[in-house]
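Notes for the one structure printed next.
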Number of protein chains: 2
Amino acid sequence: MGKVYTPATAATGVEEVFKLLEGRWKLVILFHLFDGKLQRFSDLEKLIPGISQKMLAQQLRQLEADGIVARKLYPQVPPKVEYRLTDWGQAICPALDALLKWAEQRDELPKAD
Amino acid sequence: MGKVYTPATAATGVEEVFKLLEGRWKLVILFHLFDGKLQRFSDLEKLIPGISQKMLAQQLRQLEADGIVARKLYPQVPPKVEYRLTDWGQAICPALDALLKWAEQRDELPKAD
DNA sequence: CTGTATCCAGTTGGATACTG
DNA sequence: CAGTATCCAACTGGATACAG
C-alpha cells in the first residue's frame, strides 16, 4: 500500500503480467477454470468453440509454465488430464474484475474533450 | 455490484478491454500520461527509448480511437501536438493497480500442487 | 515538429495429419 | 483421450525514407 511506482517500473511491472495473459485464448481458458473448476482437455475444447488443439495445448503449457494453471495427469489408458487454477491463478480475480468495471465505465465517462 | 458473469461473457468482456491495451507500447504510453500529464509527441519519443515513430504514432491513434487518449493540435508552424488521458483513460488506474498487486503475489502464493 | 509510406523479418495462429 | 508435427497465411513491429 502507498507504494509508489515510477512510470517506467510500473509500466514494465504491468506489462510483465500482461504478457502472461497475452494470446487470443488465455483469458477464456482462465474463466472456464474459475472457482476451482476442474476441466479436462476435451472439456475445454468443447467449451471454447473455435480453438484449435494446437492453441489449446500451447496456451495451457504456457499458463502452466507461468504457474497460473496446474495440470494433473492420470496415468491410465486412454489418458485423462485435468486442469485447474493454482492459488496464484485464482488471485487474478480482483484484477479481472477491475478491468470489467473499467469496461463498464466506457459509456459513462467522457472520452473526448 | 454483485453482478454475475458467465465465463463466456466475462471472458469476452475482459478480452475486449485487453485488446484495447494490447501492443508492446500502449501501457508504457499510458503510464507516461498518468495524473493528467500532458506530453508532446517528441516528449513521448524521448521518454520511451526504443520506440519507433511508426509505433508511437500508431499506438496513439488507436488509443485515441478507443477514447483512452485525447489529442490536441495547436495549428501553428511547426506543429505542436499534446496528448493526455481522457476521463475514461484515467479510470483504468485501479485495474492496473490490481494487476500490479497480482504480480507482487507471485512469490507469495503457491503455484504448484 | 509531427507525422505517413514502404519494405522486410519475425512471430502468431489456423488447418491438417499423425502418435502413444 | 490428449496431445505433437508440419506447413502456411496473416499480422506485428523495426528501419528507413519522405512530407506538410
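So you know, we letter chains A, B, ... as the sequences are listed, proteins then strands, and number each from 1. From a predicted model like this one, the values you see are computed outputs, not experimental measurements.
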Which donor-acceptor pairs under 3.5 Å do side chains of residues 22-29 of chain B form with protein atoms, sequence neighbours excluded?
| from | atom 1 | to | atom 2 | distance (Å) |
| --- | --- | --- | --- | --- |
| Lys26(B) | NZ | Leu20(B) | O | 3.3 |
| Lys26(B) | NZ | Gln62(B) | OE1 | 2.8 |

Quiz item: Over how many whole Å does the gap from Glu45(A) atom CD to dG14(C) atom P extend?
Solution: 13 Å
Practice problem: May I ask you to decide if the ring planes of Tyr83(B) and Phe41(B) are parallel, tilted or perpendicular, using 30° and 60° as cut-offs? | Solution: tilted
Quiz item: Looking only at side-chain N and O atoms, does Arg40(A) come under 4.0 Å of OP1 or OP2 in dC1(D)?
Solution: no
Exercise. Send over the distance from Glu22(B) CD to dG13(C) C1', rounded to a whole Å.
Key: 13 Å
Quiz item: Considering only side-chain heavy atoms of Ser42(B), which listed nucleotide, dA2(D), dC1(C), dG3(C), is closest?
Solution: dC1(C)
Practice problem: Take atom OH of Tyr83(A) and atom C1' of dC1(D), then tell me their distance rounded to the nearest Å. | Solution: 11 Å
Self-check item: Separation of dT2(C) C1' from Phe41(B) CZ (nearest whole Å)
Solution: 6 Å
Exercise. Mind calculating the distance between CD (Gln62(A)) and C1' (dG3(D)) to the nearest angstrom?
Key: 16 Å
Exercise. Mind checking Tyr74(B) for me? I need base, sugar-phosphate or nothing, with any heavy atom below 4.0 Å counting as a touch.
Key: nothing
Practice problem: Pull out every residue in residues 50-58 of chain A that has a heavy atom closer than 4.0 Å to any atom of DNA chain D, ordered by number, or say none. | Solution: Gln53(A), Lys54(A), Ala57(A)
Quiz item: dG13(C), dT4(C), dG13(D): which one has an atom nearest the side-chain heavy atoms of Arg24(B)?
Solution: dG13(D)
